[in-house]
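Here's the structure, in structure tokens; my notes come after.
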Amino acid sequence: MFLDVRDLTITLKTGEEIAKDISFSIDGGEMLSIVGSSGAGKTTVCKAVMGLLSSNYSISGEVLYRGENLLHCSKKRLQAIYGKEICYIMQNPMTAFNPSLRIGRQLHNPQISRQELQLLVSNTLQQLGLDDLKRILKSYPDALSGGMLQRIMIAAALINQPTILVADEATTAIDACNRIELMQLLRQLCSGGMAILFVTHDLRAASMADRILIMNDGQLVEAGTTEQIFNEPKEEYTKYLLSACTLERR
């Protein structure tokens, strides 16, 4: 199992529970989507998996990466895993890049040669619908749109060829046509053996996942295959999300 999260509970130092008893697993070749409205705790769970929560939070449970509990690993070991074997696509592309460096300098993979990296960056950006490569790579982040930065942020993760990709609202700043293409690309990556944890408030985007977890108020309220969630929802909150999705389509 690539990622196995067991009984994850996240509590603020004030005593407020943000997420309680969250358990899920993902293996190679799978896409698992966590769906819920804003404030459900989805992003907090992602940050716990990535080791990005501040000391204001208390975490219990287990986050197992290939059997190794990341919550107990040394800083050196985590540095060898995060950003390389497990990569994270954040919600806000406008704050994901160093504003004082050109984009080209922020896309790197120390594991491969410069020539290989240039080809990989070029191919990945083109797959994501970005063709004006020379201009993009020479630009500073503030010269590019939010949608372009979101796709570049996705490319920055993909060029590291991770084992697990954690994508937190990765399609929000992207227009509808490119959003479909991105989801198709993620499916292709799964076919190649990557595991993807895809977090979204949009059930339509989640429909390309193999399995879906529904979160509300810091708890998992329903879990199942995508077909089960869409065709045989059990919980009222899941039915509410499905009805909202149907209304948006009209």
Side-chain angles (χ1 to χ4, degrees), residues 42-57 65 70 73-175 177-179 181-183 185-186 188-189 192 194-200 205:
K42 308 183 303 295
T43 293
T44 307
V45 169
C46 281
K47 289 184 175 180
V49 169
M50 295 301 303
L52 293 174
L53 291 179
S54 72
S55 58
N56 291 326
Y57 293 86
Y65 171 57
L70 299 179
C73 286
S74 66
K75 185 176 180 180
K76 183 178 180 180
R77 176 60 180 145
L78 293 177
Q79 287 174 340
I81 295 173
Y82 290 134
K84 301 175 181 70
E85 297 181 45
I86 306 177
C87 287
Y88 184 40
I89 301 171
M90 297 180 287
Q91 270 192 49
N92 189 352
M94 308 302 288
T95 60
F97 295 94
N98 186 330
S100 63
L101 293 178
R102 298 180 193 273
I103 290 296
R105 289 193 60 192
Q106 301 190 57
L107 299 175
H108 55 85
N109 181 336
Q111 312 265 334
I112 61 177
S113 69
R114 184 174 179 179
Q115 186 175 7
E116 288 175 306
L117 177 61
Q118 288 176 338
L119 181 60
L120 182 58
V121 167
S122 175
N123 289 340
T124 304
L125 289 175
Q126 287 180 333
Q127 279 183 307
L128 291 166
L130 297 174
D131 297 316
D132 192 1
L133 301 181
K134 189 174 181 180
R135 179 182 73 85
I136 289 170
L137 296 176
K138 288 187 175 182
S139 294
Y140 289 97
D142 63 1
L144 301 174
S145 69
M148 292 180 75
L149 288 174
Q150 184 125 41
R151 281 176 280 173
I152 294 166
M153 182 168 54
I154 294 166
L158 295 182
I159 62 174
N160 286 292
Q161 300 172 313
T163 303
I164 300 172
L165 182 66
V166 179
D168 186 8
E169 299 284 7
T171 62
T172 51
I174 300 175
D175 61 72
C177 290
N178 284 315
R179 192 177 304 152
E181 291 178 1
L182 171 60
M183 294 306 299
L185 173 60
L186 293 179
Q188 290 174 14
L189 293 170
M194 188 183 294
I196 297 179
L197 177 60
F198 184 78
V199 177
T200 181

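Everything numeric in this text was worked out from a predicted model, so none of it was measured.
Minimum interatomic distance between M50 and Y88 (heavy atoms only, all atoms of both residues): CE-CB, 3.5 Å. Nearest heavy atoms, H108 versus I159: N-CD1, 3.6 Å. The two residues L133 and L130 have their closest heavy-atom pair at CD2-O, 3.2 Å. Residues L186 and I196 approach most closely at O-CD1, 3.4 Å, considering heavy atoms. When all heavy atoms of S100 and N98 are compared, the pair lying nearest together is OG-OD1, 2.7 Å. When all heavy atoms of F198 and A170 are compared, the closest pair comes out as CE1-CB, 4.4 Å.
Within the 4.5 Å cutoff, side-chain heavy atoms of E85 are placed close to those of Y65. Using a 4.5 Å heavy-atom threshold, the side chains of L137 and L125 count as touching. P141 has its side chain within reach of L149: a pair of non-hydrogen atoms, C-beta onward, lies under 4.5 Å apart. The closest side-chain heavy-atom distance from I86 to L70 is below 4.5 Å. Here the side chains of D131 and Q126 are in contact, with some heavy-atom distance below 4.5 Å. No side-chain heavy atom of L185 sits less than 4.5 Å from a side-chain heavy atom of I154.
Considering CG of N123 and CG of L128, their distance stands at 11.0 Å, rounded to 0.5 Å. The CG atom of L107 sits 7.0 Å away from atom CD1 of I152, with the distance rounded to the nearest 0.5 Å. The structure places CG of N109 at 6.5 Å from CD of Q161, a figure rounded to the nearest 0.5 Å. The structure places NZ of K84 at 10.5 Å from CG of L78, a figure rounded to the nearest 0.5 Å. In this structure, the separation between CE on M194 and CD on Q188 is 11.5 Å, given to the nearest 0.5 Å. Taken to the nearest 0.5 Å, the CG atom of L144 stands 5.5 Å off from the CD1 atom of I103.
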* **Worked verdict on Q118 versus V121 for side chain to side chain contact (heavy atoms under 4.5 Å, CB included)** => CA-CA 5 Å; Q118 288 176 338; V121 167; 5.9 Å; no
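Counted within 6.0 Å of CZ on R77, heavy atoms from surrounding residues, nucleotides or ligands total more than 12; the atom is thus considered enclosed.
For the pair D168 (side chain) and T43 (backbone), a donor-acceptor distance under 3.5 Å is absent.
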